[in-house]
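Right, one structure below, let's go through it.
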Protein chains: 2
Amino acid sequence: MALRHAVLAALLDGEYSGYQLAKVFDVGVANFWYAAPQQLYGELAKLERDGLITGRQVIQRHRPNKRLFTLTGAGVAELERFASAPAKPLVLRDDLAVKVHAVDHVDPEPVLAQLAERASTAAAKLALYERTLRELRQDTDEETFLRDGERVGPYLTCLAGCRLERTVHDWCVDTARVLRQRARTGSHP
Amino acid sequence: MALRHAVLAALLDGEYSGYQLAKVFDVGVANFWYAAPQQLYGELAKLERDGLITGRQVIQRHRPNKRLFTLTGAGVAELERFASAPAKPLVLRDDLAVKVHAVDHVDPEPVLAQLAERASTAAAKLALYERTLRELRQDTDEETFLRDGERVGPYLTCLAGCRLERTVHDWCVDTARVLRQRARTGSHP
DNA sequence: CCAGACTACTCACAAACTTGACTACGAGCC
DNA sequence: GGCTCGTAGTCAAGTTTGTGAGTAGTCTGG
């Protein structure tokens, strides 16, 4: 069970349809978890079957009907249980890092291109997360919000996202600079 | 195909047995990829079957014999192909972040404990990576090594590891501080 | 007025990953 | 002498993820 708890945690923020969740999970906001839509629909079905969430049909006029899901008491209890169980170590898997590891033996050009792309997606995510942070804390400043706000969980994970994306971005930029300089001096065929 | 290229990239550093690789992948050094030993043995078998690596038996006196694997030309070619293919977005999955997201609705105590644990494993990894960096660059300073060293790939990914672990560590510490302060003031039942 | 994008969801298969158990021998410790 | 730890692997089963394809109606731009 893995995606399971990420879905439950996301539903703490309110009712969502599978489709809406899919968008949240696609970007990765608020959750440190990515999932494809198909996975989410499947997981939602299981969660409902297990009584951890309930869905209600919403009939819409100008678009397909949808089902909105809410946590049940059992769902919250399951989250509670999960939160107190020992955490599995963070899982990180990155193609690009593998490529950089091999960069002395392969053509660096495509790797440079991918570093640039990763840097720009990191910058975009960073901007998105920073906007989310502002929305979450409204007019308050960060310190006050963290002290007195009533719901800081999403803010804290979003902060993690910011810091992470900044780290990724900077690493990509610095790594690309190193590789470009080496390509110029050309002393490493 | 996923683990596949991480193994190939690891074998750029020299001959390894499955057991040795398992240790490298367990810590995650040099690769942004974790894998259990069983996975590695399986993948090594497939890679050998596909002619991307070759194994040679090494008879040992006071311990079990082992097989050391080396990249073949086809293996390097496959890495080259992989490096120029578009990179998949970084995959990040973190239990602990999910728990923090839910922290306003569950008991924060166990989450605090897990944040402390994560912080200390991050610090340990950071120390390990920093040692690895020093070993890789020997007496040279970083700038010179990155300009003139002949194998900077592993150094660059190790740098990424350092920055990442530092980011993770700091986030855990800061998050724990916020949560502890809120627990003290107790205005959020 | 038609192509393409967006909402909303479903089915199904194939890869990849996780888990637990098991073998076998040598070395070091008390 | 028995215990545990480290080396070096293998087998099998189960869960989770990834991927591609498909349906069906609505809104939007040229």
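Residue numbers begin at 1 in each chain, while the letters A, B, ... track the order of the sequences.
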- Message: Base, sugar-phosphate or nothing for Arg61(A)? Non-hydrogen atoms, less than 4.0 Å.
- Response: nothing
OP1 or OP2 of [N] less than 4.0 angstrom from a side-chain nitrogen or oxygen of [X], does that happen here?
| X | N | answer |
| --- | --- | --- |
| Lys88(B) | dT19(D) | yes |
| His62(A) | dC27(D) | yes |
| Gln38(B) | dT18(C) | no |

- Selection from dC17(C), dT16(D), dT18(C) that lies nearest to any side-chain heavy atom of Trp33(B): dC17(C)
- Answer yes when Arg137(A) and Asp148(A) have at least one side-chain N-carboxylate O distance shorter than 4.0 Å, and no when they do not. no
- Query: When you check the gap from the basic side-chain N to the acidic O, do Asp104(B) and Arg151(A) get nearer than 4.0 Å?
  - Reply: yes
- Item | Partners passing side chain to side chain donor-acceptor pair (under 3.5 Å) against Ser17(B) (at least two apart in sequence or in another chain) | Gln20(B)
- Set of residues satisfying side chain to side chain donor-acceptor pair (under 3.5 Å) with respect to Asp139(B), sequence neighbours excluded: none
Tell me the interatomic distance from [X], atom [atom1], to [N], atom [atom2], rounded to whole angstroms.
| X | N | atom1 | atom2 | result |
| --- | --- | --- | --- | --- |
| Gln39(B) | dT16(D) | CD | P | 16 Å |
| Leu44(A) | dA8(C) | CG | C1' | 13 Å |
| Tyr16(B) | dG9(D) | OH | P | 15 Å |
| Glu48(A) | dC9(C) | CD | P | 12 Å |
| Tyr34(A) | dT17(D) | OH | C1' | 10 Å |
| Asp95(A) | dG18(D) | CG | P | 12 Å |
| Glu43(A) | dT15(D) | CD | C1' | 11 Å |
| Leu92(B) | dT17(D) | CG | P | 14 Å |

Between the protein and nucleotides 5-8 of chain D, list every N/O to N/O distance that falls short of 3.5 Å.
residue : atom : partner  : partner atom : Å
dT7(D)  : OP2  : Tyr19(B) : OH           : 3.1
dA8(D)  : OP1  : Gln60(B) : OE1          : 3.4
dA8(D)  : OP1  : Gln60(B) : NE2          : 2.7
dA8(D)  : O3'  : Asn65(B) : O            : 3.3

- Residue whose closest nucleotide on DNA chain D lies nearer the 5' end, Ala36(A) versus Lys46(A): Lys46(A)
- Query: Centre of Tyr19(B)'s six-membered ring, under 6.0 Å away, within 45 degrees of the axis: is that where NZ or CZ of Lys66(B) sits?
  - Reply: no
- Residues of residues 49-57 of chain A with any non-hydrogen atom less than 4.0 angstrom from an atom of DNA chain C: list those, numerically ordered, please. none
- Note on the structure: Contacts of Tyr155(A) meeting ring pair (Phe, Tyr, Trp, His ring centres under 6.0 Å) (sequence neighbours excluded), chain-then-number -> Phe145(A)
- side chain to side chain contact (heavy atoms under 4.5 Å, CB included) between Val168(B) and Arg163(A): does it pass, once the steps are laid out? CA-CA 9 Å; Val168(B) 167; Arg163(A) 294 186 182 191; over 6 Å; no
- Transitive ILVMFWY side-chain link Phe69(A) to Trp33(A), under 4.5 Å: yes
- Message: Suppose the criterion is ring pair (Phe, Tyr, Trp, His ring centres under 6.0 Å): which pairs have a residue in residues 159-180 of chain B, not counting sequence neighbours?
- Response: none
